[in-house]
Amino acid sequence: MNLETLKSQVKQQLPSKRYNHTLGVVATSEQLAKRYNASVESAQIAALLHDIAKYLPNDLLKEKLESAKETDYLNYSPLVWHAPVGAIVAKETYQIKDSDILNAIKYHTTGKAAMTTLEKIVFLADYIEPNRTQPGVEEIRELATKDLDVAVAQTLANTVAYLSSKGKGDIHPDTLAAYEYYRQYL
């Protein structure tokens, strides 16, 4: 499937605001892939599909997680469920077989320890794409032009601090493991 066909299909699945976010993640992923010598095509595909399950109802997300034996996610906020389900949808509906692309989709919200370059790119691009305006994003955009690991580390530090301050419940263990792994770069 070519990129334009995939874009057209994704556009039909997402509200226009989320599709615009997705295009921002694609553009940012392309830039980061070029800068850090990763596959631009893989970055484009993973970025296009990263939020493909974002608007599925929670009961369907839960069903897909249970079917895939990914039930540990059910112990955490439903806001993270779309990422692993997105990888499932990418594989089943869009016939994506590349495990690096699938994992970049799966871990784009939580991160994980020892991410591949593509996983780091999509994780970071989702956080810094041009439509994002959260506090600290400009600093991370600047860091992303210099050192991918430092930018990922700062993103994780900001995320953990934000979730902790908001009392958002338990932070997913993959996020905590990623933070522990990457904080050496700070």
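These numbers come from the heavy atoms of this one structure, side chains and all, not from hydrogens, waters or symmetry mates.
Distance alone, capped at 3.5 Å, places no donor-acceptor pair between the S8 side chain and the E4 backbone. The backbone N or O of M115 lies less than 3.5 Å from a partner atom in the side chain of Y182, making a donor-acceptor pair. Put simply, the side chain of D51 never gets that close to the backbone of K54: no donor and acceptor are under 3.5 Å apart. A donor-acceptor pair under 3.5 Å is absent between the side-chain atoms of T28 and the main chain of V25, judged by distance alone. A donor-acceptor pair is defined here as one N or O able to donate and one able to accept, closer than 3.5 Å; no such pair exists between the side chain of S77 and the backbone of V80. A distance-only check finds a donor-acceptor pair linking the side chain of Y36 to the backbone of D147 [under 3.5 Å]. Side-chain atoms of R132 come within 3.5 Å of backbone N or O of D126 as a donor-acceptor pair. H50 places a side-chain N or O within donor-acceptor distance of the main-chain N or O of A47, the cut-off being under 3.5 Å. Side chain of T93 to main chain of A90: no donor-acceptor pair is present (N/O by atom type, distance under 3.5 Å, no hydrogens or angles).
Taking every heavy atom of both residues into account, A43 and A33 meet most closely at CB-CB, 3.8 Å. Nearest heavy atoms, T110 versus T175: O-OG1, 2.9 Å.
Cluster membership for L148 and I128, using ILVMFWY side-chain heavy atoms within less than 4.5 angstrom, is shared. At a threshold of 4.5 Å between side-chain heavy atoms, the hydrophobic network of Ile, Leu, Val, Met, Phe, Trp and Tyr places L49 and V40 in two separate groups. A continuous path of ILVMFWY side-chain contacts below 4.5 Å connects I96 to L3, so both sit in one hydrophobic cluster. In the hydrophobic clustering of ILVMFWY residues, with side-chain heavy atoms under 4.5 Å counting as a link, L186 and Y181 come out apart.
Residues E129 and N131 bring a donor and an acceptor atom of their side chains to less than 3.5 Å of each other.
I140 CD1 to L156 CG: the interatomic distance, rounded to the nearest 0.5 Å, is 9.0 Å. With rounding to the nearest 0.5 angstrom, the NZ atom of K120 is 12.0 Å from the OG1 atom of T155. Note that CG of L163 and CG of L79 are 9.5 Å apart. Values are rounded to the nearest 0.5 Å. The distance from the CG atom of L176 to the CD1 atom of I171 is 5.0 Å, given to the nearest 0.5 Å. Between atom CG of residue L102 and atom NZ of residue K106 there is a gap of 9.5 Å, rounded to the nearest 0.5 Å. With values rounded to the nearest 0.5 angstrom, R35 atom CZ is found 14.0 Å from T117 atom OG1.
Within the 4.5 Å cutoff, side-chain heavy atoms of V26 are placed close to those of E30. Put simply, the side chain of D170 does not reach to within 4.5 Å of the side chain of N75, judged on heavy atoms. Counting heavy atoms from C-beta outward, T71 and L65 have side chains that stay 4.5 Å or more apart. Between Y73 and V85, the closest side-chain pair of non-hydrogen atoms is not below 4.5 Å. Side-chain contact between T116 and N103 is absent, with no heavy-atom pair separated by less than 4.5 Å. The shortest side-chain heavy-atom distance between V89 and I105 does not fall under the 4.5 Å cut-off. Looking only at side-chain heavy atoms (C-beta outward), S42 and D98 come within less than 4.5 Å of each other. Between H82 and H108 the shortest side-chain heavy-atom distance falls below 4.5 Å.
Within 6.0 Å of atom NZ in K112, more than 12 heavy atoms from other residues, nucleotides or ligands are found, so the atom counts as buried in its surroundings.
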### Derivation and outcome, side chain to side chain contact (heavy atoms under 4.5 Å, CB included), residues K62 and L74
CA-CA 7 Å; K62 182 180 179 189; L74 299 175; 3.8 Å; yes

### Task
Show your working on side chain to side chain contact (heavy atoms under 4.5 Å, CB included) between Q9 and Y94 and close with a plain yes or no.
CA-CA 10 Å; Q9 290 179 0; Y94 297 95; 3.1 Å; yes

### Message
What verdict does the side chain to side chain contact (heavy atoms under 4.5 Å, CB included) test give for S39 and L118, after you've listed the backbone C-alpha separation in whole Å, the side-chain angles of each residue and the deciding distance to 0.1 Å?
### Response
CA-CA 8 Å; S39 165; L118 181 61; over 6 Å; no

### Message
The test is side chain to side chain contact (heavy atoms under 4.5 Å, CB included); show your working for Y127 and Q154 and say whether it passes.
### Response
CA-CA 11 Å; Y127 193 85; Q154 190 60 57; over 6 Å; no

